There are 2 protein chains.
Amino acid sequence: MTDQPNASRTRSDRSTWVGVDPSEDATRPPPLTRPRIVRAALRLVDDRDLAALTMRALATELKVSPMALYNHVHDKEELLDLMLDLVLGEVDCSVTEGDWLAQLRALVCSFHQALSAHQQLAQVYSTRIRLGPNGLSIMERFVGLLLQAGFSRRDAADALLVFFTFTVGIHQMGSIAPFPGAAPQDEAEYYLALPREQIPAILAVSPHLGGAHQPGVFEYGLDTLLTGLHNKLQTGEAQREDRQDDTS
Amino acid sequence: MTDQPNASRTRSDRSTWVGVDPSEDATRPPPLTRPRIVRAALRLVDDRDLAALTMRALATELKVSPMALYNHVHDKEELLDLMLDLVLGEVDCSVTEGDWLAQLRALVCSFHQALSAHQQLAQVYSTRIRLGPNGLSIMERFVGLLLQAGFSRRDAADALLVFFTFTVGIHQMGSIAPFPGAAPQDEAEYYLALPREQIPAILAVSPHLGGAHQPGVFEYGLDTLLTGLHNKLQTGEAQREDRQDDTS
DNA sequence: ACCTGAACACCGTTCAAGT
DNA sequence: ACCTGAACACCGTTCAAGT
């Protein structure tokens with residue numbers, strides 16, 4: 001279910017040709033193309049780790065010399081950009097049911113789900129952002145909804161960054177438990193430098209601190225943000241227009 | 001102003017001793033200690049880059065062999081943990097003026113400012129989180145405020161993750177402009193794969209898209225989240241208690 | 001106990017050479 | 001045009017040796 005729409009195309013291509021040209025059984029290497037490289041990289045990250053994505057490892061996965069990749073991809077950076085945009089292609093930007101709040105929620109949820117299907121990839125955003133065509137489409141949809149709802153251009157821009165930042169952040173924090181309860185014992189002296197009496201609130205809450213991937217966390221934050229936006233619009237606070245940053 | 005409280009201690013120590021022991025002029029190496037390593041590492045990241053923080057580079061900065069560091073620090077990971085906790089020591093957890101909303105805002109703002117003083121470091125959170133004593137104190141304060149305000153334990157835990165995720169995310173996105181307007185020209189074909197007619201909203205908003213570090217962005221998001229929390233509490237939606245995740 | 005030099009197993013990427 | 005092998009300039013970290 002997490003596969004790309006055409007992830008199985010090369011596979012079916014091969015099966016179509018099976019038996020037609022018996023001179024090369026299953027050892028014929030499929031041609032090395034940009035999409036094939038990107039899909040293999042994505043599979044590698046999903047199956048293993050973001051750290052496991054190495055130009056060398058990717059090359060051996062594709063049964064090719066490491067340098068062959070550089071004929072189709074300029075950089076490892078560009079490869080990561082392509083991977084991200086491929087994933088963002090799964091986001092549905094065309095929900096038009098309900099009011100602007102419902103549509104906004106649907107859009108952000110779809111973005112969230114696309115990232116959920118490829119957990120590790122969200123970490124790429126932490127270093128830099130490069131928006132490809134699919135990323136731009138999502139952004140256009142988001143901003144368009146806010147402008148149409150009546151937010152000022154300034155507020156729409158800020159809200160975009162806030163929602164984007166939050167959603168991506170949820171995935172980056174995901175593999176992490178902020179509470180050291182499950183921490184390895186030998187580091188206990190470090191994490192439990194504070195005596196238990198000093199962290200009563202944390203201890204009271206600890207059974208609910210399962211990390212940002214826990215089922216309801218994203219929805220809770222999204223709901224809080226949407227409620228806040230709705231409130232701002234109704235109280236007329238959504239009209240800031242120019243940024244006052246030339247006073248510094 | 002971004003210095004640690006005792007960042008200049010070693011310096012003043014040396015100036016105190018100048019002339020007292022003339023046998024070793026300015027070439028006497030100060031003893032290699034854990035705090036000295038952590039401060040040097042932080043300085044290196046602030047002055048240059050997170051990528052510039054290399055055990056080897058740090059060692060030469062301290063005029064020492066790379067392996068000498070491993071006598072005081074187990075790992076590069078542990079070094080990063082120590083750096084983060086040092087920075088979090090600057091967060092003020094003792095503001096008690098105003099209602100819970102004002103106190104919560106003050107706490108998160110202080111956290112935000114501590115991270116702002118060391119921009120690059122926030123990226124460390126993207127891979128994993130290890131909370132040291134200072135991190136735990138902030139967390140305790142945050143959760144305590146919410147519980148006292150009347151939120152359920154479940155909601156307090158989720159809100160913690162949401163605010164944490166958002167604030168850290170703002171810094172990770174910081175150096176990045178999601179709008180490709182300032183992108184290098186030779187990659188234009190990639191970023192402008194969509195014709196201008198298809199992204200009217202983005203273009204309308206583009207002068208306000210300066211990246212997440214822009215002055216008002218964090219405040220806008222924080223305000224939106226706080227408004228949302230306030231609303232939830234008033235409408236009695238802050239009472240979810242158990243997590244329904246065993247139905248999956 | 002603390003520091004060092006040499007070495008290991010990795011990286012991304014360049015370059016000259018092959019076809 | 002596309003692929004390859006060898007090589008370069010790096011990493012974090014281990015290990016045996018020094019003091």
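From a predicted model like this one, the values you see are computed outputs, not experimental measurements. Just so it is clear: chains get the letters A, B, ... in the order the sequence lines come, proteins before strands, and each one is counted from 1.
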Residues that A:Asp92 engages under side chain to side chain contact (heavy atoms under 4.5 Å, CB included), provided they are two or more places apart: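 Listed in chain order: A:Ser94, A:Val95, A:Ser110.
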field: Strand contacts (DNA chain C) in residues 49-59 of chain B, 4.0 angstrom heavy-atom criterion
entry: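 Those residues are B:Arg56.
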field: Stems involving DNA chain D, each a run of at least 3 consecutive Watson-Crick or G-U pairs under 3.5 Å
entry: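 Looking at DNA chain D, the stems formed by three or more consecutive pairs are C:4-8 with D:12-16, C:12-16 with D:4-8.
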Using a 3.5 Å distance criterion without hydrogens, assess whether the side chain of [X] forms a donor-acceptor pair with backbone atoms of [Y].
X	Y	result
B:His171	B:Gln123	no
A:Asp85	A:Gly135	yes
B:Glu140	A:Ala201	yes
B:Gln172	B:Ala122	yes
A:Thr165	A:Val162	no

task: Report yes if the side chains of A:Leu44 and A:Thr54 come closer than 4.5 Å at any heavy-atom pair, otherwise no.
output: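 No - every pair of side-chain heavy atoms lies 4.5 Å or more apart.
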message: Can you give me the first and the last nucleotide of DNA chain D (5' to 3') that has an atom within less than 4.0 angstrom of a non-hydrogen atom in chain A?
response: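 Taking any atom under 4.0 Å from a heavy atom of chain A, the span is D:dC2 to D:dA7.
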message: Which residues pass the ring-ring contact (aromatic ring centres under 6.0 Å, His included) test with A:Phe218, not counting sequence neighbours?
response: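 Testing A:Phe218 for ring-ring contact (aromatic ring centres under 6.0 Å, His included), a comparison that skips the adjacent residues, returns A:His112, A:Phe166.
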query: So B:Leu86 and B:Arg39, side-chain contact (heavy atoms from CB on, under 4.5 Å) or not? Walk me through it.
result: CA-CA 9 Å; B:Leu86 176 62; B:Arg39 282 197 298 264; 4.2 Å; yes
- prompt: Taking DNA chain D as the partner, which of residues 67-75 of chain B come within under 4.0 angstrom of it by heavy atom?
  reply: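 Under 4.0 Å from DNA chain D: B:Met67, B:Tyr70, B:Asp75.
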message: Please report the interatomic distance NE2(A:His72) to OG1(A:Thr33), rounded to the nearest 0.5 Å.
response: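 Between A:His72 NE2 and A:Thr33 OG1, I get 7.0 Å after rounding to 0.5 Å.
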message: For A:Glu61, is there an ion pair with A:Arg56 - N to carboxylate O distance below 4.0 angstrom?
response: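 Judged by the 4.0 Å cut-off on N to carboxylate O distance, A:Arg56 and A:Glu61 do not form a salt bridge.
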message: Please confirm whether the ring centroid of B:Phe164 lies under 6.0 Å from the ring centroid of B:Tyr125.
response: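 When the ring centroids of B:Phe164 and B:Tyr125 are compared, they turn out to be within the sub-6.0 Å range.
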